Each structure stands twice: as structure tokens, then as C-alpha cells.
Amino acid sequence: MQPTISWRSFRMAAWLGWLIESNWTDPFLFAVYSIVKPISGAAILVVMYSIISGGNFDNAMFPYIYLGNAFYIYVGAVMTGVSWAVVDDREHYKTLKYMYIAPIHIPLYLLGRGVARFVTGSIAVFITLAAGILFLNVKINFAEVDWLLFFVTLILGVVMLALLGLLLAGVTLTVARHEGFIGEATAGALYIFSGAIFPLDVLPEWLRPIGYFMPTTYWLELLRRSLIGNVAEIFPTLAGFSNLEILGVLFGLSVLFGAVSIWVFRYCDAIARERGLIDRTTNY
Amino acid sequence: MSNSLAIETQDLGRIYKLRGSRKETRKELVALEGVNLKVERGELFGLLGPNGAGKTTLIKILTTLLSPTSGWARVAGADVHAEPESVRPRINMVSGGESSGYGLLTVRENLWMFSQFYGVPSKEANERIEALLAMVGMKDRMHTKSSDLSTGLRQKMNIVRGFLTEPDVLFLDEPTLGLDVGAMRDVRRFILDWLKADKERTLLLTTHYMMEADELCDRVAIINKGKVLACDTPTALKQRLQKDALFEIQVSPLNGLTQQMLVDQPEVTKATLTETETGANLSLSLVEEAALARIINLFTQKEIQVMNLRKREPTLEDVFIDLVGRSMAEEEKSGSSE
């Protein structure tokens, strides 16, 4: 395949995705929504934590929950964003068949559609973190932040989430009903098994292996460690592993999940062509 | 395969497996069966048939959207199933009767985006967009959001999207469906102008409008229930019936006369009968013109008055009736009730 085809598929999809994501008639409303939504989500957790802990915000559990929840925004934004493009183009805009007959690389097109969701997700993560630091006593010492680890982990995780989105996009192609919920359901399930708001040790022993197999578990742990390094000392789940070891596991699982995602997408794509599902509209 | 062929199919078939409830066994729907077609480069080829005949299924296979279950098809020299990447840069498609497109983008943005997916240089794409929009009378709507367009204008925008990439083979699936008479005329003229501009361009058009196929197409394949029943120029198809004399007769109430009674007459080769409020309209195909006298005599015996009588030339509708045994409208009705 020519590199120009890959690039134009990705670039134009990112352009289109941004126009769709930023399509707010009133920019003021867009700004309010961008700020209020992530802060409201975080505020619910803060209130719950406050009631359970009796208002003890100095406990290490608080930044654990807060940071896990903040970065989990990327899971919903990027992973669901990529798979949602199938629903959007097929059901809403009725353009998926025209994309499919165009000389583009469909997986890269779908990944490109996720770029805008990454940008809006990043804004939401930034606002949530800023609110936590400014108003909720989330203590991050910027002089001690391991920026290299942070950005390497962030980029690796976003790529991993985008590839997981491709897996969901493949499944979405083959499903007639409820395809809109596939992304949300998966993001919800991962929320429980990724140590986003509680350590895996809280789960029953027989459920923990699911969490250990999820790359998101290691991704969130490394993001926390890069920002507040003392987390590993307090929570025993991955305390025995160094940052480099966890990064290695994250990389390995990302490659594994990425390869599986590409295979699943290709398989589902072939199924969709066989069954005539690419241009099907269900009006659900 | 000869290089002069834009489209070639051999024993092409498609069976859909329909899912019922868990207790039911899977049913099979034969959408296409043993389709053999050869379309030359530069041809405007029509697929004519009622709704559900298999036209759209055939287009979906030829545009790489759907896999065939038997046979093979080549478009622009490449196998649509084995080499879809070779087919796609050389084709495009427009489906009528739908309002596809990104409503939040302007007409120009929608068209420009698709041109970029096909690798058309941006400057050239903008020039083509302007020229094509002018041809369909939409230049003044270039900067209108496509969600603000009427259905007809949106369909015209989609037609421009199909032509914009200058494909070697263009598939138009019912392009005038749902358009008003004026817009239909514009689109048909646009299609002919586009083909005239380059003799290498090939266009496959599906329609269930007889007149459209007759007026536009170099050759027409009549398709029904997934099978190609005939394929020739419209003139040659109609000449098959030229030996028969065709009459349209408007009569008073039928007084017990039935379509079967007419068909049973030795001189009648085909008869269709539609009852109206004042009587009935008959369409008769007779072995010779002189046989009309005996039919009139039959009317007299039944005390049926002839209110209007007209001899006419055969149309593609007559060809369809000759091949299928009933009109396209009747075939659509029976298809939907089956």
C-alpha cells in the first residue's frame, strides 16, 4: 500500500472528525460543556470519597482515585470515539459505503476519526486535573514529575486505546442492534477491571486476573507513578514491579491487544462484506 | 478478458441467509443467479427491473461492498472480490433516494473531502467542484451547509460527488429516484454531457423508470428475481415485439369480461386489464392488426362500449411484460406480498 493513501485516509478523517466534534452552534455552550462535564464527573467521585473517608483528603487513596478517574476519560474518548465512527457514518450520515468504495485505508480512516476525540478528551483531562489541583487538594509536585515516563506512557496508552477502538469498530460493523452501546459497555467493564478508582486487590481473588490481563491497568498505574511517585509504595497491587518492568508489560500487552484488534477488525470486515452489512441502516 | 470491457461478470450469484427466530431454520434468499454481463468501455449500460429485482445487489458486488456467493466479476480489469484495492481508485457510485452526506459541512467541504480521499490535488478538486456545481445549477449553493439543502439539491450534490473523481466506471443506482421532473431532466442531461466529454468513460445505471432506460442507455439488461432475462439495445429489445400489433383501449364496464377471456382468444398474445371507476383500460398485443375487428366484436357481444382506442409502438414496459408475464408494477406488488 502506498504511504500517501494511508496518510490521506488518516489526515482527512482527522479533519472530518474535528469538524464533527467541534460543531457547536454556540461556542460559549461548547466551552461550558467542555468544562462542566468532566468536572461534574470528578465531583461525583469526590463527594462519594468524602462521605466514605469522613473528609480525609490527605489519604493517598484520594489522588489514586482522582487521577485514575481523570485519565480514564481517555478510554471513553479515544476507544469509543474510533468505534463510534462506524455507527455515525453508517447510521447517521449514511456515508460509510462511500468511504468503503473510496481508495482509502479504512482502519486508518477510523483511527483518524478518533484524533478529534483524543483532542477533546485531552482538554477534559486537563480541566479535571487543574480543578483537582486548584480546588480539591490533589497534590502534584511538578518538580518531581517524571515527564519522560508520563509522556511515553500517555502516548503508548492512547495508541493502545485507539487500537482497542478498532477492535470494537470491527464488532460494531457486524452488529445490527445496540451497536451504539458496545463502546460504552466495554469502557464501563474496563473501569472496574483496570484499577481506575480502586486497586485490583479490592476485587475478589478470582476476578483479579482479568485486571492483570488488561493493559489499561498498567497504563493507569504508570501515569499515577509518573505524577505522584509514592503511589506504588502505598498500594500493594503492582508494588513489586519497577516502572521499567510495568512499562515493558504495558508495551507487550499493547502489542498483543493491537495485533488481536487488527485481526478482529479484518475478520469482522470480511464478515460484513459477506453478509452485506456495510451499508445497512437499522434506524435504531 | 478483452481490454475493451469495463465490466464483466460470469455466473455471478448472491444468496442471502436470512436470520429468523431461534426456533426457525435459516431461510435463503436468492438475490442474484447466474448473471453474465459484458459492458464495453464508453457504454451507458442500464439495468432495468422492479424493486427487489437484484439491481442494487449487483451494484454492491461490482463496487466491492458485497461478496458474491458464486461466480466472479471484473471491473476496470480487476476482480472485485480478489483485488478490491485495484478496483476502488477507478470507480465511484451514487445511490439515489437517500440523503447521505455530512450535514454540518458545506457543499464544497463535503465534495472537497471526498476528492481528497481519491487523491485529487486540492486546486484541481476546487476547480472541478465549481464546474460541476455550475453544470447542475448549484454553484450559488457551494457554501451552504448540506443540512440546509432540499432533498433534490442534496441528491444533486451526491451526483456531483460521484462524477468529481472522474472514475473510469461510474455506478448510478436509481439516481433520479425521488427527484421532481425538472431535476430529473437536469440529471439526465448532465449524465449524457459527462459521457460525451470522454469516450472512455463507462456508466452503469440502474432504474425502474422505463423511459429513463430507453432515453439514456446504449444497452439495457432487463433483470427480474435476480436473473437477467434479456440484454440488448432498447431498439432491438422493442423490435422483438414489433411483429405484434399493440393497442390501448378504454372501455365501459366489463359486464363479466375477464383478462383470461381475452388471453384465451387465439389472436391475443398478451393482455393486461386495469379496472377504473368508469370502466377499464385494456392493453392488448395482437398477432395482426386485423384481429382487432374480432376483439371489437367480442366487446359488442358483451355490450361493452369502446370509448377510446389507440395503436401504439412497443415500449420497454411491453418488453418486460413479454418476458415476465406481467407489468413491472404488478411484479413489485407481488414481490412485496410474497
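Bear in mind that the values here come from a model prediction, so they are computed numbers and not experimental data. Per chain, numbering begins at 1; letters A, B, ... match sequence-line order.
Two residues are said to be in side-chain contact when any heavy atoms from C-beta on lie closer than 4.5 Å; Lys94(A) and Ser95(B) fail this criterion. Side-chain contact between Pro103(A) and Tyr118(B) is present, with heavy atoms from C-beta onward closer than 4.5 Å. Contact check for Leu16(A) versus Leu105(B): side-chain heavy atoms found under the 4.5 Å cut-off. In this structure the side chain of Lys60(B) never reaches within 4.5 angstrom of the side chain of Lys97(A), judged on heavy atoms.
No donor-acceptor pair under 3.5 Å is formed between the side chain of Arg88(B) and the backbone N or O of Ile104(A). Looking only at distances, a side-chain donor or acceptor of Arg8(A) sits under 3.5 Å from a matching main-chain atom of Phe117(B).
Residue Ile61(B): no heavy atom, backbone or side chain, is found under 4.5 Å from chain A. Interface residue Gln116(B): backbone and side-chain heavy atoms are both found under 4.5 Å from chain A. For Arg275(A), the parts lying under 4.5 angstrom from a heavy atom of chain B are both the backbone and the side chain. Contacts of Tyr16(B) with chain A are made by side-chain atoms alone, with heavy-atom separations under 4.5 Å and no backbone atom involved. Looking at Thr57(B), there are no atoms closer than 4.5 Å to chain A (heavy atoms on both sides), in backbone or side chain. For Val94(B), the part lying under 4.5 angstrom from a heavy atom of chain A is the backbone only. With a threshold of 4.5 angstrom between heavy atoms, Ile101(A) approaches chain B through its backbone and through its side chain.
In terms of heavy-atom pairs under 4.5 Å with chain A, the best-connected choice from Thr165(B), Leu65(B), Thr63(B) is Leu65(B). Contacts with chain A were tallied for Arg14(B), His81(B), Arg90(B); Arg14(B) has the most, counting heavy-atom pairs under 4.5 Å.
Ring orientation note: the planes of Tyr102(B) and Tyr93(A) are tilted relative to one another, at an angle of 30° to 60°.
At most 12 heavy atoms of other shown residues, nucleotides or ligands fall within 6.0 angstrom of atom CZ in Arg266(A).
In this structure, Arg161(B) satisfies the cation-pi test against Tyr98(A), with its NZ or CZ atom closer than 6.0 Å to the six-membered ring centre and inside 45 degrees of the ring normal.
Interatomic distance, OG of Ser100(B) versus CG of Asp89(A), reported as 10.5 Å (0.5 Å rounding).
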